[in-house]
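Below is one structure, written out as structure tokens; the observations come after it.
Everything numeric here is computed off the predicted structure, so don't read it as measured data.
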Amino acid sequence: MVDGINPALSLADLRLERRIFAASHGRDLTPEERETLERIRPPRTHPVRLAVQAYDGPIAMLPVAQLYVRDVPDLSPPEGKDLLQVLWCPFDHPIMPRTLLFWRSAAAVTGILDAPPEPSAVQFDGYLPEPCVLEPEQITEYPDHLELSEELREQLRQWSVPQAAEEGMDPDTYYDCVLSNAPGWKVGGWPAWNSTDPSPQSCSECGTGMELLMTVATFEEGDDAGNSWSPHPHPGAGPYPGHRGHNATGVQIGSGYRQHLFVCPAEPEHPHIESMT
């Protein structure tokens, strides 16, 4: 259901809007381009509440990521599977897209469609991922300071005081942003707890503690991290509304957050859990 404030836009209009902003980068918009953009997003002279529109029946989901074990060894798939496909519904459920995980055998995937089905509209343009080619880079990261013992946290504070002062940060922020947790899309690693406290989750099927499978992030680099976690090579992308140099995927979670997907390590095909931080 549309939220009653933001109009749902067609994928064709969103893609056209992105092409116009990419083509006009560094120059003024042409009259034709302005006319097209105003058709896609008509200007408002005063606040208007839009009629709530419901979508009955099934809606096609959008692809978010396709990952092969040969490229991302930390996936830990079910036995006999070597491919993970992540899809989502481009509407809030209730504050972020709802994801589905499909573990498959790549050899068994045949009859690939030239034009997969797509939804007729999306709730927010940040829920339409921009196609990207992945270049996985393996890194080492550490838990958020909130997941550490108080004794270890105090040791880290004392150790990082000089470095944190040089960056104008408090020691906990310096550790979290520069040393412990990589920003951006990733598989495995540790979740970031930027807006909530750590929230351990148990599998609804077997009670096993859930582990982080994947993070879907708004930005590939954090503003507070300097160059500490800059990808190599830098991804880059053409500009469009909401674009920043480190937002190659075009995805926006909330107002700049991350969507974490947790899975059961005992059985990855058990129901997964989502959280936004």
Side-chain angles (χ1 to χ4, degrees), residues 65 67 71-76 95-96 126 132 134-202 208-237 242-263 265 272-277:
L67 306 172
D71 300 321
V72 189
D74 290 340
L75 274 176
S76 300
I95 59 172
M96 56 186 166
C132 297
L134 302 179
E135 296 185 26
E137 179 181 357
Q138 193 159 27
I139 60 172
T140 299
E141 59 176 25
Y142 302 94
D144 187 286
H145 80 278
L146 294 173
E147 296 196 60
L148 303 176
S149 68
E150 185 56 42
E151 180 182 2
L152 185 53
R153 287 170 61 178
E154 183 58 31
Q155 292 178 12
L156 286 170
R157 281 194 204 101
Q158 296 303 320
W159 174 82
S160 60
V161 164
Q163 297 95 322
E166 290 181 6
E167 299 293 336
M169 302 179 184
D170 69 72
D172 286 340
T173 301
Y174 178 80
Y175 169 76
D176 286 340
C177 293
V178 180
L179 302 177
S180 74
N181 198 281
W185 290 53
K186 62 185 180 183
V187 170
W190 297 90
W193 302 107
N194 298 333
S195 57
T196 65
D197 288 337
S199 178
Q201 302 284 350
S202 298
T208 303
M210 305 287 268
E211 294 182 355
L212 182 63
L213 168 71
M214 179 178 175
T215 298
V216 177
T218 299
F219 301 120
E220 278 301 303
E221 300 176 54
D223 291 333
D224 295 330
N227 295 319
S228 175
W229 295 105
S230 295
H232 180 75
H234 193 284
H243 171 80
R244 299 176 66 176
H246 46 284
N247 178 231
T249 63
V251 165
Q252 180 169 327
I253 303 298
S255 55
Y257 293 93
R258 312 180 198 192
Q259 184 168 349
H260 296 307
L261 309 182
F262 295 88
V263 295
H272 69 288
I273 295 174
E274 303 166 322
S275 71
M276 184 172 73
T277 66

Testing the basics here: between Pro136 and Val72, what is the closest heavy-atom pair and its distance to 0.1 Å?
CG-CG2, 4.2 Å
A side-chain contact here means heavy atoms from C-beta on lying under 4.5 Å apart; do Asp176 and Asp144 qualify?
yes
Please check this pair: side chain of Gln201 against backbone of Met210, looking for a donor-acceptor N/O pair closer than 3.5 Å.
no
May I ask you to test the Gln158-Pro171 pair for a side-chain heavy-atom distance under 4.5 Å?
no
Within the 4.5 Å heavy-atom criterion, are Leu146 and Arg153 side-chain neighbours or not?
yes
Under 3.5 Å, is there a donor-acceptor pair between the Thr277 and His260 side chains?
yes
Side chain to side chain, Leu134 and Leu67, heavy atoms closer than 4.5 Å:
yes
Is there a donor-acceptor pair under 3.5 Å between the side chain of Gln163 and the backbone N or O of Ala165?
no
Please examine the side chains of Pro191 and Glu147, heavy atoms only from C-beta on, and report whether any two atoms are closer than 4.5 Å.
yes
Heavy-atom check, side chain of Lys186 versus side chain of Asn181, under 4.5 Å:
yes
Does any non-hydrogen side-chain atom of Gln252 lie less than 4.5 Å from one of Asn247?
no
Would the distance check show the side chain of Ser180 and the main-chain N or O of Tyr175 forming a donor-acceptor pair, the cut-off being under 3.5 Å?
yes
For Arg157, what residues pass the salt bridge (charged side-chain N to carboxylate O under 4.0 Å, His left out) criterion, not counting sequence neighbours?
Glu150, Glu154, Asp172
Can you list every pair that meets salt bridge (Lys or Arg N to Asp or Glu O under 4.0 Å) and has a residue in residues 190-202, with sequence neighbours left out?
none
Counting C-beta onward and ignoring hydrogens, is there a side-chain heavy-atom pair between Trp190 and Leu212 closer than 4.5 Å?
no
Working to the nearest 0.5 angstrom, can you tell me the gap between Leu213 CG and Thr215 OG1?
9.0 Å
